[in-house]
Amino acid sequence: MHPQKSRFVALCQQTLVLGAVFAALVPAANVVSLDVVREQPAPSTIPATTAVDSEHVAMAAYAAVADQATPVATGRASATLHEFPLTAAAGVTGAVARTTAGSVHAVAAVARTGSTGLHATTIADTTTDTTTITSEPQDVSGYGTVGVTWEHGQDIGEGDISFTLRTQTDGEWSDWQKLDYHDEHGPDAGTVEARNERPGTDEALVGHVDQVQVRAEVKSEDVPADMKLAVIDPGKVNATKAETPDIDTSKLPVIPDAAPDGSGDLVDGRTAVPADPSSDVPVVPADPAASSAATTADTTGDTTGDTTGDTEGGLTLAASPIVATKPYIYSRAQWGANEKIREQTAPSYGTVHGGFVHHTVNANDYTAAEVPAIIRSIYTYHVKSRGWRDIGYNFLVDRFGRIWEGRYGGVDRNVIGAHTENYNQDSFGASAIGNFDIAAPPQPVVGAFGALFGWKLAINGVSAAARNVKIGNRVFAYSIMGHRDTKSTACPGRYLYARIPDIRTIAAAAQRPLSYAKRNTSLAGTAHPDIIARRTSDKRGVIIPTTGFSGFTGRTSLTVKASNTPVLSPDLTGDGRADLMLVTRSGKSVVRPGNGAGGFGKGIAPSTQQAGRDLITALGDVNGDRRNDLLSRDPSTGKVVIWLGRGNGTFAKQGLKASFKGYNLVTAGDVDGDHRVDLLARDTHGILWLLRGKGNGGFPSRRALGTGWQAYDAIVAGDFTKDGVADLMVRVAGSKLGYVRPNLGAGVFGAPIGPYNALRTVGRVLDAANVMGDSTPDVLAATGSRLDVLQRGSGTDLGVPVVTNLDLTAANLVLNVGDWNRDGHGDVVYRETSGALYLTLGNGAGSFNGRYSLGTGWGTVTMLAAAGDMNGDGAMDLIGLQGGSMKLWAGNGATGLGATTVMYGAVPGQAQTGAGAWDANATNDVLVRNGNALQLYPGNGPAGLSAPRTIAVDLAPYDWVIGVGALDITGHPDLIARNRSNGALYALQGNADGSLQAPKLLGSGFGGYDLAG
């Protein structure tokens, strides 16, 4: 793992789920024969939406993609701008026909191409005093971008003019859709950039279409002169290449410094003096107001550390430096910026008191490879059509969660953008590429905004949780705002705006200092913390990995007729993407090809093969020809047919000598791990049957897997745990809660893991397939006429235990201490019965190197535990009770120990169970188990503890209670507890006030270990 990525995911403390479950249903033996009978064969992209989930899922999703390689430009590209006049320039006379009074329909068209050189039809209605201007259809090349501008100086309010557009593809026109116009999207009034700009709509990215047409409706007296339609071809670079982000912000200076001599920031071309340490902004001699336009820090509920300080003008200022996890950013070069077209003067620099969230309002179905071209189009529209000096946004975030550099001048500098008029001087702006008024942002987008805003605000000394923040001449409620907070506007779309509280939470958590964190408790090289345990049978050290609460991180929706039967299948058309079959009530079917991004195209391969049939089931490849197949049944006879896919959406018929008349549910997957498709069928008595596949389209035997399966109204097979065999996603009929029943082998499915609340929001749960092109199956659900593809998270719910090279035969204590020697990998400390204490260094791949003595005589220390960084020096520490006092043994950041400090007096109890920031402060607290009670000793600064309080929880059922650090992005540590009677593991998740949530089952069958930490 890249060292910066290691630090990044460790600080984020992403969500955790442990798992290995060993509950089983007792199978019943019952075998029948199914012989194969072969028969002769019979002769729009969906806008992405995302289910809102907790902020920790968003951050985990961003961390998974932050530094991954993606297709980028390997050279600059020049976009081609075509502009088409829609109204005459100022001073050019053009007659405008109006209707006679009371004659609404008697309108006349004037100003047509050929007569005036204009490319539009203009219709004026005197009854409503409204003029409608409709452009001629114009050709579009590449991933098209369009916009409408008009002559400088003709400022028109958002309520006085409106725009719509439509597109044509393959001869069919779309409906008219809104083209956004925000009169505050632009440079600050009175600046040189504003004096040169043309008013206009936001850029609209229409995608791969053949033609576009726009329409403007405006009060007749306000018809703007020199209105032009801009159509942009983004151009092509010579080559593309998969690259990681150029900009690793961990390597950039912490303090912004834009002046060539390093003396400070440049503000409107003036050099600022170095920042006053009591203020969070540079002091500009020529602008006295700047020194008081500082960020407040009402830190109620804030988890970012000590941000309180001196008060100035009623605003509380940040009193100490703020640090943050540092995101990765793709550079301008990586999106192919032609630096020659922007203004060549030096950038202007201001201050940052806050940040604004925007969206670009465009199609949401673009691919990763198309993003550089999209940004080039926006850049060209802003510079050449709008007349701005550069692209307006400081940053852009694509739908995959990748952050891109916007306006030139340095991502760590306070470059004045053109994103939020009248507030650009004192803020930065980032725009999500997509229309988030019609679709919710994917989780990686929310996580990316949180990481970006946390870092950008931190390097300017601004708390992401600050309240009452002065930006420009106005005090805003928060330091992170949406564009609509400046005025009544739709930007950044209702769904993205609804996630801004999550963005604030993520940004605040990202600003937690590097100290006081139990860094990198991953021992197996993942992004998640792990437990180190000793196996009872051979005393071998075993890593129990945690891989994150995956759940569902989004959804893609489309509307179909409610009477249609939808079937989600692995690739049926030969392009490697999952497809959707729709079957009407009369049996007519079409295949809608998937686009690999959650959408499905127009129907192809119409057929009537499924007329009168039910139990239509996607099988995958049942006969080994690398083409995916279907199954369906004649309900009157129970006769089953296998439909062998040809790879083009059509099928050949193959019958089976068997009756499925007694079944009411069928699903398919490789249950036994032999790489052949098996069937799982439930009968009307609630028995689930396994029908093992032969690999030739036949299923020669069946075996009962127990009763009681009627408790579920959905059973869908898929490899949800990514272990190579089919698990079951089930939904309880009464509660509608979803769970994963992991495949434990031999036809045994483990205890439910979950619940997944997303399944409560849909009607029928139908199928599972890999729709999004990753490695996890997504789930298809139907709610009336709406189909939802529920997208699984990037994590899994089970971690396969890793047997290490660590011999713990002589040990009586083992601890995961985090990254003790600061090499980016988690390490382990263990104590032997002799009282000797040893450190062994993890290599991030599940094994350990070296044995370093940490001294002897440790047998006299009780409650010895890994504390994380208890004294704030960046190194991991140990704490324990010795001689009637709770002591700290400071780590030295290498392979030894430093000073010893008394933290508190006598602490009654049996075990120290966890350390971390359990309350709202930034210092670590200590949890102690005292009988069946849990007591919290709050940290009061480096190496100090305060009087305890009791946390309401009954520990009687548990023999293990292990502090595992923060399991989610909120930064509140959690506990893992083992039930002493059955070996089941539970998560006891911490709340912001130090309380614990109800136990959550993680898995069962962990009785075979006698030490863990």
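All values reported here derive from a predicted model rather than from experimental measurement. Numbers here simply count residues along the sequence, with the first being 1.
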Quiz item: When you measure from the side chain of Arg585 to the backbone N and O of Ser563, does any donor-acceptor pair fall under 3.5 Å?
Solution: no

Practice problem: Answer yes or no: is there a donor N or O on one side and an acceptor on the other, between the side chain of Thr617 and the main chain of Leu615, under 3.5 Å? | Solution: yes

Quiz item: At their closest point, which heavy atom of Pro372 faces which heavy atom of Ala369, and how far apart are they?
Solution: CD-O, 3.5 Å

Quiz item: How about Lys588: does its NZ atom have over 12 heavy atoms from other parts shown lying under 6.0 Å from it?
Solution: no

Quiz item: Taking the side chain from Ser785 and the backbone from Thr559, do they hold a donor-acceptor pair closer than 3.5 Å?
Solution: no

Quiz prompt | Residue pair Val789 / Phe600: nearest heavy atoms and the distance that separates them | solution = CG2-CE1, 4.0 Å

Quiz item: With side chains defined as the heavy atoms from C-beta onward, is the minimum distance between Val446 and Pro441 less than 4.5 Å?
Solution: yes

Exercise. Mind listing the closest non-hydrogen atom pair of Ser632 and Ile616 along with its distance?
Key: CB-CG1, 3.9 Å

Self-check item: Value rounded to 0.5 Å, distance of CH2 in Trp176 from OG1 in Thr167
Solution: 10.0 Å

Quiz item: Do Val209 and Gln168 have side-chain heavy atoms sitting under 4.5 Å apart?
Solution: no

Quiz item: Is there a donor-acceptor pair under 3.5 Å between the side chain of Asp727 and the backbone N or O of Asn743?
Solution: yes

Quiz item: Hey, is the main chain of Val371 close enough, under 3.5 Å, to the side chain of Asp398 for a donor-acceptor pair?
Solution: no

Practice problem: Return yes if some donor-acceptor pair links the side-chain N/O of Asp629 with the main-chain N/O of Val622 below 3.5 Å, else return no. | Solution: yes

Quiz item: To the nearest 0.5 Å, what is the distance between OH (Tyr366) and CG (Leu205)?
Solution: 9.0 Å

Quiz item: Do the side chains of Thr145 and Pro234 get nearer than 4.5 Å, heavy atoms only?
Solution: no

Quiz item: Could you go step by step and tell me if Asp672 and Val725 meet the side chain to side chain contact (heavy atoms under 4.5 Å, CB included) rule?
Solution: CA-CA 7 Å; Asp672 56 10; Val725 292; over 6 Å; no

Quiz item: When you check the gap from the basic side-chain N to the acidic O, do Asp571 and Arg577 get nearer than 4.0 Å?
Solution: no

Self-check item: Pair Met729-Phe720, side chain to side chain contact (heavy atoms under 4.5 Å, CB included): steps then yes or no
Solution: CA-CA 8 Å; Met729 175 70 70; Phe720 295 100; 3.5 Å; yes

Exercise. Using a 4.5 Å cut-off on heavy atoms from C-beta on, say whether the side chain of Leu787 contacts that of Asn564.
Key: no

Practice problem: Grab the two heavy atoms, one from Ser659 and one from Thr637, that are nearest each other, plus how far apart they are. | Solution: OG-O, 3.8 Å

Practice problem: Answer yes or no: is there an ion pair linking Asp788 with Arg786, defined by an N-O contact shorter than 4.0 Å? | Solution: yes

Quiz prompt | Asp634/Lys639 salt bridge by N-O under 4.0 Å criterion | solution = no

Quiz prompt | Steps toward side chain to side chain contact (heavy atoms under 4.5 Å, CB included) verdict (Arg592, Val560) | solution = CA-CA 12 Å; Arg592 295 185 62 173; Val560 298; 4.2 Å; yes

Quiz item: Looking just at side-chain N and O atoms, do Glu370 and His208 make a donor-acceptor pair shorter than 3.5 Å?
Solution: yes

Self-check item: Exam field: side chain Asp678 to backbone Val671, donor-acceptor pair closer than 3.5 Å
Solution: yes

Practice problem: Please report the closest heavy-atom contact between Arg633 and Phe660, naming both atoms and the distance. | Solution: NH1-O, 2.6 Å

Quiz prompt | Under 3.5 Å side-chain donor-acceptor pair for Ser589 and Gln610 | solution = no

Exercise. Assess whether atom CZ of Arg692 is packed by more than 12 heavy atoms of other residues, nucleotides or ligands within 6.0 Å.
Key: no

Quiz item: Can you tell me if Arg399 and Asn364 form a side-chain donor-acceptor pair at under 3.5 Å?
Solution: no

Quiz item: What's the spacing between Trp173 CH2 and Arg166 CZ if we round to 0.5 Å?
Solution: 5.0 Å

Quiz prompt | Heavy-atom check, side chain of Phe651 versus side chain of Leu572, under 4.5 Å | solution = yes

Quiz item: Are the side chain of Arg731 and the backbone N or O of Leu759 linked by a donor-acceptor pair below 3.5 Å?
Solution: yes

Quiz item: Taking Arg613 for the side chain and Gly587 for the main chain, is one N or O donor matched with an acceptor at less than 3.5 Å?
Solution: no

Quiz prompt | Between CZ on residue Arg760 and NZ on residue Lys736, distance to nearest 0.5 Å | solution = 10.5 Å

Practice problem: May I ask you to decide if Met581's main-chain N or O and Asp579's side chain share a donor-acceptor pair within less than 3.5 Å? | Solution: no

Quiz prompt | Derivation of the side chain to side chain contact (heavy atoms under 4.5 Å, CB included) call for Trp643 and Val641 | solution = CA-CA 6 Å; Trp643 302 94; Val641 169; 3.4 Å; yes

Quiz item: From Leu631 CG over to Thr667 OG1, what is the distance, rounded to the nearest 0.5 angstrom?
Solution: 11.0 Å

Quiz prompt | Any Tyr663 side-chain heavy atom under 4.5 Å of Trp689 side chain | solution = yes

Quiz item: Roughly how far apart are Asn696 CG and Asp625 CG, rounded to 0.5 Å?
Solution: 11.5 Å

Quiz prompt | For Leu780 against Pro566, the heavy-atom pair lying closest together | solution = CD2-CB, 4.0 Å

Under 3.5 Å donor-acceptor pairs involving side-chain atoms of residues 761-768, not counting sequence neighbours:
residue: Thr761; atom: OG1; partner: Arg555; partner atom: NH2; Å: 2.8
residue: Thr761; atom: OG1; partner: Ala758; partner atom: O; Å: 2.7
residue: Asp767; atom: OD2; partner: Leu568; partner atom: N; Å: 3.1

Quiz item: Are side-chain N/O atoms of Gln791 and Asp778 paired as donor and acceptor at under 3.5 Å?
Solution: no

Self-check item: Close side-chain approach of Leu619 to Leu630, heavy-atom, < 4.5 Å
Solution: no

Exercise. Check whether any side-chain heavy atom of Leu728 sits under 4.5 Å from a side-chain heavy atom of Val740, and report yes or no.
Key: no

Self-check item: Lys/Arg-Asp/Glu bridge criterion (N-O < 4.0 Å) met for Asp437, Lys178
Solution: no

